Amino acid sequence: MSSEPRVSSAAATSVAWTLPNILTYARIALVPVLVLTFFIEGNIGRWIAVGIFVAASITDYVDGYIARALKQQSSLGTMLDPIADKLLVAAALLLLAADETIAGISLFAAVIILSREILVSGLREYLASLQVSVPVTQLAKWKTAIQMLAVTFLLCGPEGRELYPFTSELGITLLWVAALLTLYTGYDYFRAGMHHVIAADDRNAPRVGDDA
């Protein structure tokens with residue numbers, strides 16, 4: 001018989017439905033709703049999109065705070081939280097590119113951000129198989145905050161000029177700042193991650209004298 005500890009279904013359900021995880025589920029569920037707002041005619045659709053994105057961004061901070069405060073951190077939450085963030089940002093950037101709020105050379109900023117998220121996700125998945133965790137740096141947290149702020153301004157679209165005349169310009173500027181920070185933090189993450197990847201390859205490499 002296996003000596004591994006068994007987790008009861010009741011305990012697993014309890015972990016799955018903690019408040020932090022519920023907030024993460026809600027953030028994922030808001031992604032298709034965000035997409036639908038771009039099919040609403042008139043100014044109201046963009047303002048609803050802004051409201052949804054801001055609310056989802058706030059839950060990103062709140063769920064982590066609650067998890068730490070109530071000691072409800074879980075492997076499920078650790079896995080789903082970055083996935084929810086990436087889905088939200090990717091959906092928003094694709095929508096903004098589709099309606100040409102992000103256009104021309106600024107598309108490269110969006111591509112940099114999306115490419116980094118995909119590459120880091122792949123590396124993180126591999127490192128998880130090695131039971132290695134690379135902590136998020138303070139600079140990466142600032143990158144995320146600036147990225148969320150940029151997308152918020154861009155989601156306001158032309159209607160945002162009613163509140164501030166340079167909303168789109170500010171959004172594009174912040175998007176480029178986020179893209180540059182993305183390059184730096186992505187390189188920093190890969191440098192730390194590849195150290196563990198190379199170390200794992202060295203451990204698994206055949207030694208001289210090993211049987212063929």
Side-chain angles (χ1 to χ4, degrees), residues 4-37 47-96 113-155 174-175 178 181-182 185-186 188-190 192-193 196:
E4 294 181 0
R6 295 180 178 273
V7 179
S8 69
S9 59
T13 301
S14 177
V15 170
W17 292 102
T18 57
L19 180 56
N21 286 342
I22 291 173
L23 290 174
T24 301
Y25 302 150
R27 194 154 74 253
I28 294 173
L30 284 174
V31 173
V33 181
L34 177 67
V35 174
L36 289 174
T37 62
W47 291 121
I48 294 175
V50 171
I52 289 173
F53 190 83
V54 170
S57 299
I58 291 173
T59 66
D60 182 29
Y61 169 78
V62 171
D63 63 8
Y65 176 82
I66 292 175
R68 291 188 295 272
L70 301 181
K71 299 185 180 346
Q72 293 183 337
Q73 295 100 326
S74 66
S75 297
L76 179 63
T78 301
M79 177 189 71
L80 287 180
D81 190 66
I83 291 175
D85 296 342
K86 288 170 177 53
L87 287 174
L88 183 68
V89 171
L93 290 177
L94 290 173
L95 289 168
L96 290 168
I113 291 171
L114 291 175
S115 297
R116 185 264 191 190
E117 299 299 351
I118 294 171
L119 291 171
V120 167
S121 294
L123 181 59
R124 183 180 285 120
E125 181 179 352
Y126 179 76
L127 292 177
S129 69
L130 301 178
Q131 297 184 330
V132 172
S133 175
V134 178
V136 177
T137 65
Q138 188 61 44
L139 186 59
K141 293 179 181 179
W142 277 106
K143 182 271 300 180
T144 300
I146 293 172
Q147 182 176 279
M148 294 296 192
L149 194 59
V151 173
T152 299
F153 280 120
L154 291 171
L155 283 173
L174 290 174
L175 187 70
L181 289 176
T182 289
T185 57
D188 199 39
Y189 189 93
F190 266 90
H196 296 287

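Along the sequence shown, the residues carry numbers beginning at 1. Note that the structure is predicted; figures quoted are calculated from it, not measured.
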Give every donor-acceptor pair under 3.5 Å between a side-chain atom in residues 79-89 and any protein atom, sequence neighbours left out.
| residue | atom | partner | partner atom | Å |
| --- | --- | --- | --- | --- |
| Asp81 | OD1 | Arg27 | NH2 | 2.5 |
| Asp85 | OD1 | Arg27 | NE | 3.2 |
| Asp85 | OD1 | Arg27 | NH2 | 3.2 |
| Lys86 | NZ | Glu117 | OE1 | 3.2 |

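- Between Leu155 and Ala49, the shortest heavy-atom contact is CD1-O, 4.0 Å.
- Every residue two or more places apart in sequence or in another chain that forms a side-chain contact (heavy atoms from CB on, under 4.5 Å) with Val62 is listed here: Leu23, Ile58, Ile66.
- For the atom pair Leu154 CG and Phe53 CZ, the distance stands at 9.5 Å (nearest 0.5 Å).
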Asn21 and Trp17: CA distance, side-chain angles, deciding distance, side-chain contact (heavy atoms from CB on, under 4.5 Å) verdict
CA-CA 6 Å; Asn21 286 342; Trp17 292 102; over 6 Å; no
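- Each of Leu34, Val35, Leu36 was evaluated against Ile52; a single residue qualifies, Leu34, per the side chain to side chain contact (heavy atoms under 4.5 Å, CB included) test.
- To the nearest 0.5 Å, atoms NZ (Lys143) and CE (Met148) are separated by 8.5 Å.
- A 4.5 Å side-chain heavy-atom check between Ile113 and Leu175 finds at least one atom pair inside the cut-off.
- Here the side chains of Gln147 and Leu181 are not in contact, with every heavy-atom distance at 4.5 Å or above.
- Between the CG atom of Leu19 and the CG atom of Asp63 there is a distance of 8.5 Å, given to the nearest 0.5 Å.
- Closest heavy-atom contact between Ala92 and Val151: CB-CG1, 3.6 Å.
- Here the CG atom belonging to Leu119 is positioned 11.5 Å from the OG1 atom belonging to Thr182, to the nearest 0.5 angstrom.
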